[in-house]
Engineer: 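Here it is, the structure, as structure tokens.
Just so it is clear, the values below take in all heavy atoms, side chains as well, and ignore hydrogens, waters and symmetry mates.
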Amino acid sequence: MAPSAAPRIVIENCAIATVDADDTEYASGHLVLAGNRIESVGAGKAPEGLKDVARRIDASGHLATPGLVNTHHHFYQWITRGLATDHNLFDWLVALYPTWARIDEEMVHAAARGSLAMMARGGVTTAMDHHYVFPRGSGDLSGAIIRAARDMGVRFTLARGSMDRGEKDGGLPPDFAVETLQDALAATEETVARHHDASFDAMTQVAVAPCSPFSVSTELLGQAAELARRIGVRLHTHGSETVEEEKFCHELFGMGPTDYFASTGWLGEDVWMAHCVHMNDSDIAAFARTRTGVAHCPSSNARLAAGIARVPDMLAAGVPVGLGVDGTASNESGELHTELRNALLINRLGAHREAALNARQALRLGTHGGARVLGRADQIGSLEPGKLADLVLWKMDTLAHASIADPVAALVLGAAAPVTASFVDGRQIVEDGRLLTADEDAIARATRAEAQRLARITARS
């Protein structure tokens, strides 16, 4: 716990959705933050006689929730938004890989700042980035991404990706955009050694993350799993995203994606996979049995016409599920709070119809579910004493939401709610919808300039 002398922030008079194991909620309650921890949460006013109170916040008209946790993203895509808008996944990748293969450190840093800024101002307190494109001579891309997250003040997981199956080996990426097996493994291990923090209140963690079955060799998948378990970090990749991927796996490996992942050591409670749209009953049972996690990306799945993931069935089976923005070349808004609504609505188009998800299940996916998928449910994802002080105050008394009596339903089903305050590690990073840690206008100018520079380089190639 935080030392008793740590400066305290007292937040009062707000509705609170704790997203704890019992889904405890308070119509009007309080939170006390001490240093970087939550000291207390409960109904009514904060306890009398608190010492070292540095700030009191009257949060009347607000809903307090845990900060949102993003479990899948590709930051670099911020500078290639709005392209290939009518493609399925494989055609989209073929269209965009030649552009992505020309990114450099300056582009990646600007794109990371754009991606992080958009999420942070919309309630994300823990972000992740699956970066897997490392063109030769492009600079320190992992360092650029981590630097952007540190400066923005968000908690962050870098999934250090890799690809070693280029076009000549039957993969989709251009050959000059992939690494060798040994280079990918060595660079990944070096990134973990330089940047991964295993402590309770870590701001930066690193996962081992080969890209996908159609861009990675079987040898890289297997050896990446061995590497991650040897050095004690998590594993991430894409899985079962489209029917084309399933066909690819059957043609190349003689089995479906889940069986292929199992054969390479890629099922386990230290693994989470993005999308998992095309899962049959036995696939879901395998994920549940091994506690393999899923990053559900409803907007991207719809944008690329991938299908509707069986999230209600996954949850019923006990599969850990969180939400993901996915890269902004397939989700141009880049905001996670819109995924709460989209997860609920899109899943109701599936077999379970109106019983698929409710508002509180959607909020849990975006908070505690994401924390569980990232292996940090003991530290973040719910508002409980002893957990890290990552939380959001959503303004719910404006025209957009004031007539909705249930604040959780208003947050999930209503218009995007304004963020009055967002705290990460006890530090406020957003106030009245604006970043306190960065100049949004400067970020917008930089990302536009880098997008234009990348387009010019691609056009000349």
Side-chain angles (χ1 to χ4, degrees), residues 15-25 27 63 65-66 68-72 239-243 258 272-289 291-326 331 336-373 377 381-382 394 396 401 403-417:
I16 302 174
T18 68
V19 200
D20 65 9
D22 299 317
D23 274 329
T24 305
E25 296 182 13
L63 169 67
T65 72
L68 301 183
V69 179
N70 181 31
T71 62
H72 186 65
S240 300
E241 186 173 358
T242 65
V243 291
T258 299
W272 84 103
M273 297 190 197
H275 303 294
C276 299
V277 174
H278 297 277
M279 303 267 282
N280 60 32
D281 289 347
S282 65
D283 296 330
I284 292 174
F287 272 55
R289 183 175 61 253
R291 296 184 175 86
T292 303
V294 171
H296 177 44
C297 305
S299 294
S300 176
N301 293 344
R303 160 78 150 79
L304 296 173
I308 302 172
R310 296 173 59 187
V311 171
D313 296 326
M314 294 178 193
L315 295 175
V319 176
V321 182
L323 291 181
V325 170
D326 203 7
N331 177 1
L336 190 68
H337 63 294
T338 60
E339 300 306 302
L340 303 175
R341 186 172 192 264
N342 289 343
L344 187 154
L345 296 181
I346 289 174
N347 278 282
R348 287 189 179 186
L349 296 174
H352 295 274
R353 301 183 64 186
E354 70 275 7
L357 289 177
N358 61 40
R360 282 160 177 82
Q361 288 174 305
L363 178 59
R364 178 170 289 276
L365 289 177
T367 54
H368 185 271
R372 186 181 176 198
V373 163
S382 60
W394 308 89
M396 309 304 295
H401 304 93
S403 61
I404 304 176
D406 178 349
V408 175
L411 177 68
V412 173
L413 288 170

Engineer: Quick one: do the N347 and H352 side chains pair a donor with an acceptor below 3.5 Å?
Structural biologist: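 No, H352 and N347 have no side-chain donor paired with an acceptor closer than 3.5 Å.
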Engineer: For a quick test of reading the model, state the closest non-hydrogen atom pair linking C276 to A309 and the distance between them.
Structural biologist: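 What the structure gives for the nearest pair is O-CB, 3.9 Å.
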Engineer: Return the CG to CG distance between L357 and L344, rounded to the nearest 0.5 Å.
Structural biologist: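 Answer for the CG-CG pair, L357 versus L344, is 5.5 Å.
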Engineer: If you count heavy atoms of other groups shown closer than 6.0 angstrom to CZ of R348, is the number above 12?
Structural biologist: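 Atom CZ in R348 is crowded, with more than 12 foreign heavy atoms closer than 6.0 Å.
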Engineer: Does the side chain of V277 come within less than 4.5 Å of I308's, by heavy atoms?
Structural biologist: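 Side chain of I308 against side chain of V277, heavy atoms only: no contact under 4.5 Å found.
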Engineer: Quick one, L363 with V19, criterion side chain to side chain contact (heavy atoms under 4.5 Å, CB included). Give me CA distance, side-chain angles, the key distance, then yes/no.
Structural biologist: CA-CA 8 Å; L363 178 59; V19 200; 4.0 Å; yes
Engineer: Taking all heavy atoms of V69 and all of A371, pick out the closest pair and write down the distance.
Structural biologist: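 Heavy atoms of V69 and A371 come nearest at CG1-N, 3.8 Å.
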Engineer: Could you give the distance from CG (L411) to CG (L63), rounded to the nearest 0.5 Å?
Structural biologist: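 So the gap between those two atoms works out to 6.0 Å.
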Engineer: After noting the C-alpha distance and the side-chain angles of D283 and R310, does the key distance pass the salt bridge (Lys or Arg N to Asp or Glu O under 4.0 Å) rule?
Structural biologist: CA-CA 11 Å; D283 296 330; R310 296 173 59 187; over 6 Å; no
Engineer: Please determine whether side chain to side chain contact (heavy atoms under 4.5 Å, CB included) holds for the pair V373 and V294, giving the CA-CA distance in whole Å, both sets of side-chain angles, and the decisive distance to 0.1 Å.
Structural biologist: CA-CA 7 Å; V373 163; V294 171; 6.0 Å; no
Engineer: Shortest non-hydrogen contact from L323 to P298?
Structural biologist: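 So the two residues come closest at CD2-CD, 4.4 Å.
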Engineer: To the nearest 0.5 Å, what is the distance between CZ (R341) and CD (E339)?
Structural biologist: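 Result: 11.5 Å between the selected atoms.
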Engineer: Testing H296, R303, H72 for side-chain hydrogen bond (donor to acceptor under 3.5 Å, both in side chains) with D326, which one passes?
Structural biologist: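 Only one of H296, R303, H72 forms a side-chain hydrogen bond (donor to acceptor under 3.5 Å, both in side chains) with D326, namely H72.
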Engineer: Can you tell me how far the CD atom of E241 sits from the CE atom of M273, to the nearest 0.5 Å?
Structural biologist: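 Interatomic distance, E241 CD to M273 CE, rounded to 0.5 Å: 13.0 Å.
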Engineer: Among T338, T71, N70, L68, whose side-chain contact (heavy atoms from CB on, under 4.5 Å) with V325 holds?
Structural biologist: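 Looking at T338, T71, N70, L68, the match for V325 under the side-chain contact (heavy atoms from CB on, under 4.5 Å) is N70.
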Engineer: Write down the atom of P66, the atom of T18, and the distance for their closest heavy-atom approach.
Structural biologist: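 Heavy atoms only, the tightest pair is CG-O, 3.6 Å.
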Engineer: Using a 4.5 Å cut-off on heavy atoms from C-beta on, say whether the side chain of M279 contacts that of F287.
Structural biologist: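 In contact.
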Engineer: Among D23, D20, D22, which residue satisfies the salt bridge (charged side-chain N to carboxylate O under 4.0 Å, His left out) criterion with R364?
Structural biologist: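 Single pass found, and it is D23.
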Engineer: Starting at CG of L413, measure out to CD1 of I404 and round the result to the nearest 0.5 Å.
Structural biologist: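 Output value for this atom pair is 7.5 Å.
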Engineer: Any side-chain heavy atom of H401 sitting closer than 4.5 Å to one from W394?
Structural biologist: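 Sidechains of W394 and H401: no contact.
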Engineer: Regarding N342 and S299, do their side chains bring together a donor and an acceptor under 3.5 Å, going by distance alone?
Structural biologist: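 Yes.
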Engineer: Any heavy-atom pair between the side chains of L340 and L365 that's under 4.5 Å?
Structural biologist: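 Sidechains of L340 and L365: no contact.
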Engineer: Going by side-chain hydrogen bond (donor to acceptor under 3.5 Å, both in side chains), name the pairs with one or both residues in residues 406-416, residues two or more places apart or in two chains.
Structural biologist: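 As it turns out, the side-chain hydrogen bond (donor to acceptor under 3.5 Å, both in side chains) pairs with a partner in residues 406-416, which skip direct neighbours, are R360-D406.
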Engineer: Compare every heavy atom of I346 with every heavy atom of A302, then report the nearest pair and how far apart it is.
Structural biologist: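 Heavy-atom minimum between the residues: CB-CD1, 4.2 Å.
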Engineer: Report the C-alpha separation of E25 and I16 in whole Å, then their side-chain angles, then the decisive distance to 0.1 Å, and conclude whether the side chain to side chain contact (heavy atoms under 4.5 Å, CB included) test is met.
Structural biologist: CA-CA 5 Å; E25 296 182 13; I16 302 174; over 6 Å; no
Engineer: What are the two closest non-hydrogen atoms of G366 and L336, and how far apart are they?
Structural biologist: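 Minimum heavy-atom separation between G366 and L336: O-CD2, 4.5 Å.
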Engineer: Given 3.5 Å as the limit, does a donor-acceptor pair link the side chain of R372 with the main chain of V321, or not?
Structural biologist: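 The answer is no, because no donor-acceptor pair under 3.5 Å joins these two groups.
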